[in-house]
Number of protein chains: 2
Amino acid sequence: MSLRHALLGLLVDRPASGYDLLKTFDTSLANVWPATQSQLYGELSKLADSGLITVSEQGPRGRKEYTLTDSGLAELRHWLTETEPQRTRSDVLLRVFFLGVLAPDQARAYLDGQAARAAELHAELKAIDEAIDWDDGDLSVYGHIALEYGQRLAAMQQEWAQWARTQVKPG
Amino acid sequence: MSLRHALLGLLVDRPASGYDLLKTFDTSLANVWPATQSQLYGELSKLADSGLITVSEQGPRGRKEYTLTDSGLAELRHWLTETEPQRTRSDVLLRVFFLGVLAPDQARAYLDGQAARAAELHAELKAIDEAIDWDDGDLSVYGHIALEYGQRLAAMQQEWAQWARTQVKPG
DNA sequence: TTCCGCATGTAATGGGTTACATGATTAG
DNA sequence: CTAATCATGTAACCCATTACATGCGGAA
């Protein structure tokens with residue numbers, strides 16, 4: 001149930017239309033909380049119905065600009081402070097459990113692929129990190145913290161995959 | 001669409017009933033791919049319908065023991081070698097993006113909480129790791145690799161959260 | 001005989017993905 | 001005028017969660 005909170009969070013910063021928000025989802029939130037266009041417009045309608053956001057301005061082409069309301073901000077704070085993050089699923093890890101059904105060289109190939117993917121992601125995130133001019137605004141501070149998480153995760157995954165390949169018995 | 005593959009993977013080892021499989025999901029797969037009872041029985045029926053598994057034995061209380069078929073094993077191998085892991089969502093990280101709406105001490109409290117959770121998980125996984133007598137069977141090798149991933153992830157999360165708290169500006 | 005564990009199933013609801021459908025505005 | 005971009009919406013389908021529902025078998 002976090003798409004709604006992602007939307008509320010983005011609207012803290014400034015009012016925006018569904019179209020605007022979609023672009024943010026496709027860029028900065030793509031690796032954290034992907035969402036589709038369908039989902040997004042539907043959720044915005046529901047949020048407006050429940051009064052957490054309002055249409056603050058109508059533009060050309062039926063554009064609706066949404067603004068966060070006080071109750072929306074309260075809901076966001078509630079989510080942040082009072083609720084627990086939920087369980088996640090890991091597709092990558094699930095596969096590891098069953099690598100035994102493959103031949104050892106195939107299992108190693110899988111792990112090599114994971115190492116390569118992680119290395120690539122790490123490079124990508126590092127490039128983003130270096131390209132951005134981090135000022136000391138809130139979004140900057142927390143955006144940077146999130147990006148650092150991504151980098152540390154990618155680095156860990158790469159090291160793990162490289163170690164793991166050595167654990168696969170020669171076949 | 002990975003629940004089906006998790007089931008196929010578990011049935012490689014030995015035939016089992018829905019009830020048996022549920023227990024495995026609630027223990028060893030709980031942190032990797034949680035599934036509910038409803039979902040599991042439904043999926044088993046679908047898998048049987050499509051011939052990837054068969055009812056190999058009927059026991060008391062309507063117990064049905066399922067066995068993996070050749071096409072089921074082929075499907076599992078196909079999933080492992082030919083398909084890409086999908087995007088994941090991170091609730092924890094999403095929250096980080098929006099910590100700016102909280103007072104600094106609340107933001108730090110959130111990060112402290114995450115550090116504590118990670119430390120707890122790390123200890124738990126370490127205890128499991130040490131308690132298990134790892135032999136050199138396939139399940140043992142890959143189970144150990146998966147567990148190692150969990151431990152590295154938890155350690156990384158703890159370090160990151162501790163670092164992150166220092167980045168939050170004093171308020 | 002009573003309770004616990006074994007064992008399976010269905011229904012309702014909500015979130016997520018893909019595809020379809022439509023149309024207005026603006027830049028070249 | 002034409003193409004790209006802006007902009008929103010609906011429908012069908014699948015997966016996941018929660019709750020409800022039922023009943024057998026074995027142990028004390």
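Here the structure is a predicted model, which is why all the values come from computation and not from measurement. In what follows, every chain begins at residue 1, and chains take the letters A, B, ... in the order their sequences are listed.
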Contact span of DNA chain D against chain B, any nucleotide atom under 4.0 Å from a heavy atom, 5' to 3', runs dC15(D) to dG25(D)

Greater than 12 external heavy atoms within 6.0 Å of Asp70(A)'s CG:
no

Please list, one pair per line, the donor and acceptor atoms closer than 3.5 Å that link side chains of residues 51-58 of chain A to other protein atoms, with sequence neighbours excluded.
unit_1, atom_1, unit_2, atom_2, d
Ser56(A), OG, Glu65(A), O, 3.0
Ser56(A), OG, Thr67(A), OG1, 2.5

Over the length of the helix from dT1(C)-dA28(D) to dG28(C)-dC1(D), how much do the five-pair end axes diverge, rounded to 10 degrees?
10°

In numerical order, the residues of residues 56-66 of chain B whose heavy atoms come under 4.0 Å of DNA chain C are Arg61(B), Gly62(B), Arg63(B), Lys64(B)

Could you list the donor-acceptor pairs under 3.5 angstrom formed between side-chain atoms of residues 95-107 of chain A and any protein atom two or more places apart in sequence or on another chain?
unit_1, atom_1, unit_2, atom_2, d
Arg95(A), NE, Asp91(A), OD1, 3.0
Arg95(A), NH1, Trp79(B), O, 3.0
Arg95(A), NH1, Thr83(B), O, 2.9
Arg95(A), NH1, Thr83(B), OG1, 3.2
Arg95(A), NH2, Asp91(A), OD1, 3.3
Gln106(A), OE1, Ala103(A), N, 3.4

Please check this pair: side chain of Trp134(B) against backbone of Asp129(B), looking for a donor-acceptor N/O pair closer than 3.5 Å.
yes

Check which hydrophobic residues are tied to Tyr19(A) through side-chain heavy-atom contacts below 4.5 Å, counting indirect links as well, and list them.
Tyr41(A)

For residues 161-171 of chain A, which residue pairs pass the salt bridge (charged side-chain N to carboxylate O under 4.0 Å, His left out) check, not counting sequence neighbours?
Asp112(A)-Arg165(A)

Using a heavy-atom distance cut-off of less than 4.0 Å, which residues of residues 26-41 of chain B contact DNA chain C?
Gln37(B), Ser38(B), Tyr41(B)

Among residues two or more places apart or on two chains, list those pairs meeting salt bridge (charged side-chain N to carboxylate O under 4.0 Å, His left out) that have a residue in residues 141-162 of chain A.
Glu148(A)-Arg152(A)

With a 4.0 Å heavy-atom cut-off, tell me which residues in residues 2-23 of chain B come close to DNA chain C, sorted by residue number.
Ser17(B), Gly18(B), Tyr19(B)

Pull out every residue in residues 71-90 of chain B that has a heavy atom closer than 4.0 Å to any atom of DNA chain D, ordered by number, or say none.
none

Hey, could you give me each pair passing side chain to side chain donor-acceptor pair (under 3.5 Å) that has a residue in residues 115-127 of chain A? Not counting sequence neighbours.
Arg117(A)-Glu84(B)

Taking Ser17(B)'s backbone N and O only, do any of them form a donor-acceptor pair with Asp20(B)'s side chain (distance below 3.5 Å, no angle check)?
yes

